[in-house]
Amino acid sequence: MVKRKASQLDTASDTTGLRRSTRRKPAAPDQTTEASKDELTEKGATQPPQPEKTSKKLPHSKAFQDSKKSMKAESAAQPSTASKSETNETTSSSGRSYWLLKAEPESRFENGVDVKFSIDDLASRTEPEPWDGIRNYVARNNLRAMKKGDIAFFYHSNCKEPGIVGTMEIVQEHSPDCKCAPSLLHEFAPYHMPVSAHDPKAPYYDASSKPDNPKWSVVHVKFRSKFSKQIGLKELREMGQPGQPLENMQMLKQSRLSVSRVSASEFEYLMDVVKQRGGET
DNA sequence: GCCAACGTTGGC
DNA sequence: GCCAACGTTGGC
């Protein structure tokens with residue numbers, strides 16, 4: 001599978017009453033407050049050029065203690081965000097970066113919930129969709145590096161015909177994948193839908209992510225286009241042969257990564273291919 | 001910090 | 001369903 005979206009439950013906010021309904025733990029507002037502050041400071045620490053633990057977590061805080069392990073994992077994961085950009089330029093001259101996000105268009109049940117989420121599902125949304133359920137540090141760090149206005153490919157994975165099927169836009173930068181106190185909602189305005197990590201009934205519930213120190217993040221995305229003809233995995237691999245335009249593409253090198261970087265030249269190349277095949281809608 | 005055991009991803 | 005290629009965990 002893919003670290004995919006936890007899908008419909010969030011924006012649909014309703015239909016799925018069953019899933020959604022899950023009573024949120026009343027999560028002590030105060031704790032949540034501190035937690036999210038932590039989260040906010042962490043933002044600074046996880047920006048690209050600093051592989052280091054400029055970590056703002058107070059060494060004595062409980063959060064710090066609890067998260068030593070994950071910090072290890074985080075910093076281990078860091079370099080991949082920063083270092084490769086020489087060979088594999090992510091950002092275009094416009095300052096916009098490009099990404100690839102995977103989701104599963106076919107039904108599959110995770111913790112009793114169908115996680116199916118396709119480009120058509122995204123296209124039908126009327127509100128920005130929180131991209132949740134990411135439970136891998138490299139992928140998460142990529143999420144956290146996304147800027148408003150960045151463009152991402154939508155990739156269908158774990159399905160009959162895997163491939164890139166369209167594009168979306170990042171409309172809000174990362175916020176915690178957790179329930180946060182109403183008093184904090186403004187920090188993540190205008191969109192923050194309390195999602196999965198701390199909800200035992202959610203598809204990607206993570207008992208190790210404590211509400212007072214959320215491990216995981218989401219970004220909010222908006223549908224941008226669907227390709228007339230998708231670019232299949234097989235073709236991507238051909239374009240990724242040595243000497244070919246996609247030879248350094250992260251998703252081909254780390255095939256299990258559900259959130260990966262796409263360089264400006266890779267993006268442009270792929271969009272040319274799309275054009276030649278009937279464009280996008 | 002090493003590494004074996006185990007878990008996950010995702011194409012086929 | 002299989003299984004390769006990872007990632008995570010925990011004992012030492």
Side-chain angles (χ1 to χ4, degrees), chain A residues 1-7 46 51-53 64-84 88 99-119 121-122 131-145 152-166 177 195-198 200 202-210 213-218 229-242 244 246-262 270:
Chain A
M1 21 175 155
V2 185
K3 301 307 208 130
R4 54 276 140 179
K5 289 269 355 320
S7 87
T46 45
E52 251 9 280
K53 331 187 161 195
F64 177 82
Q65 296 300 335
D66 291 347
S67 67
K68 268 185 194 151
K69 265 193 179 168
S70 47
M71 287 193 39
K72 200 167 148 197
E74 291 176 41
S75 49
Q78 263 320 304
S80 107
T81 303
S83 74
K84 280 191 186 156
N88 200 4
W99 309 93
L100 182 144
L101 304 186
K102 300 182 182 178
E104 297 179 57
E106 296 172 5
S107 279
R108 196 177 60 76
F109 289 82
E110 186 79 35
N111 199 14
V113 179
D114 193 351
V115 295
K116 156 182 147 50
F117 191 77
S118 70
I119 185 83
D121 292 323
L122 181 64
W131 201 269
D132 61 354
I134 300 303
R135 301 289 182 264
N136 166 284
Y137 288 110
V138 176
R140 185 206 66 178
N141 291 342
N142 279 338
L143 275 189
R144 290 185 175 181
F153 285 125
F154 194 120
Y155 179 90
H156 278 170
S157 84
N158 201 19
C159 60
K160 222 38 177 308
E161 295 180 11
I164 299 175
V165 295
D177 185 350
V195 269
S196 54
H198 300 148
Y204 299 103
Y205 172 60
D206 179 3
S208 77
S209 178
K210 300 297 190 301
N213 184 28
K215 268 190 188 174
W216 307 114
S217 299
V218 306
K229 185 174 186 311
Q230 74 169 47
I231 306 176
L233 178 59
K234 238 179 274 171
E235 304 165 88
L236 288 169
R237 285 184 174 148
E238 279 162 22
M239 302 169 191
Q241 292 301 303
Q244 293 297 113
L246 303 186
E247 67 176 338
N248 293 316
M249 195 167 177
Q250 188 178 27
M251 80 134 297
L252 294 171
K253 303 198 136 175
Q254 289 170 261
S255 62
R256 295 171 51 201
L257 241 202
S258 59
V259 179
S260 60
R261 292 172 294 101
V262 174
L270 285 166

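The sequence lines fix the lettering, A, B, ..., with proteins before strands; numbering per chain opens at 1.
- A search for side-chain contact (heavy atoms from CB on, under 4.5 Å) contacts involving A:Glu106 returns A:Cys159, A:Lys160, not counting sequence neighbours.
- Scanning both residues, A:Ser209 and A:Pro214, for their nearest heavy atoms gives OG-CA, 3.6 Å.
- In this entry the distance linking OH of A:Tyr204 with P of C:dG7 reads 18 Å, nearest Å.
- Under 4.0 angstrom from either OP1 or OP2 of C:dG7 there lies no side-chain N or O belonging to A:Arg140.
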Quick one, A:Ser258 with A:Ile134, criterion side chain to side chain contact (heavy atoms under 4.5 Å, CB included). Give me CA distance, side-chain angles, the key distance, then yes/no.
CA-CA 8 Å; A:Ser258 59; A:Ile134 300 303; 3.7 Å; yes
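- Straight-line distance from the NZ atom of A:Lys215 to the C1' atom of C:dT8: 9 Å, rounded to whole Å.
- Remark: A:Tyr137 is not in phosphate contact with C:dC6, judged by side-chain N or O atoms under 4.0 Å from OP1 or OP2.
- Distance CG (A:Asp206) to P (B:dG7): 16 Å, rounded to an integer number of Å.
- Taking atom CZ of A:Arg135 as the reference point, atom C1' of C:dT8 lies 15 Å away to the nearest angstrom.
- A ring pair (Phe, Tyr, Trp, His ring centres under 6.0 Å) with A:Trp216 is found for one member of A:Tyr204, A:Tyr137, A:Tyr205 and no other, namely A:Tyr137.
- By the 6.0 Å contact criterion, CD on A:Glu161 is open, its count of non-hydrogen atoms from other residues, nucleotides or ligands being 12 or less.
- Closest heavy-atom contact between A:Lys215 and A:Arg144: O-NH2, 3.4 Å.
- Separating the CG atom of A:Asn136 from the C1' atom of C:dT8 is a distance of 10 Å, rounded to the nearest angstrom.
- The distance from atom CG of A:Asn111 to atom P of B:dG7 is 17 Å, rounded to the nearest whole Å.
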Show each protein N/O and nucleotides 1-5 of chain C N/O combination with a separation under 3.5 Å, one pair to a line.
| unit_1 | atom_1 | unit_2 | atom_2 | d |
| --- | --- | --- | --- | --- |
| C:dA5 | N3 | A:Arg256 | NH1 | 3.1 |

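- Atom CE of A:Met251 is separated from atom P of C:dC6 by 13 Å (rounded to the nearest Å).
- Distance A:Glu235 CD to B:dG11 C1': 16 Å, rounded to the nearest Å.
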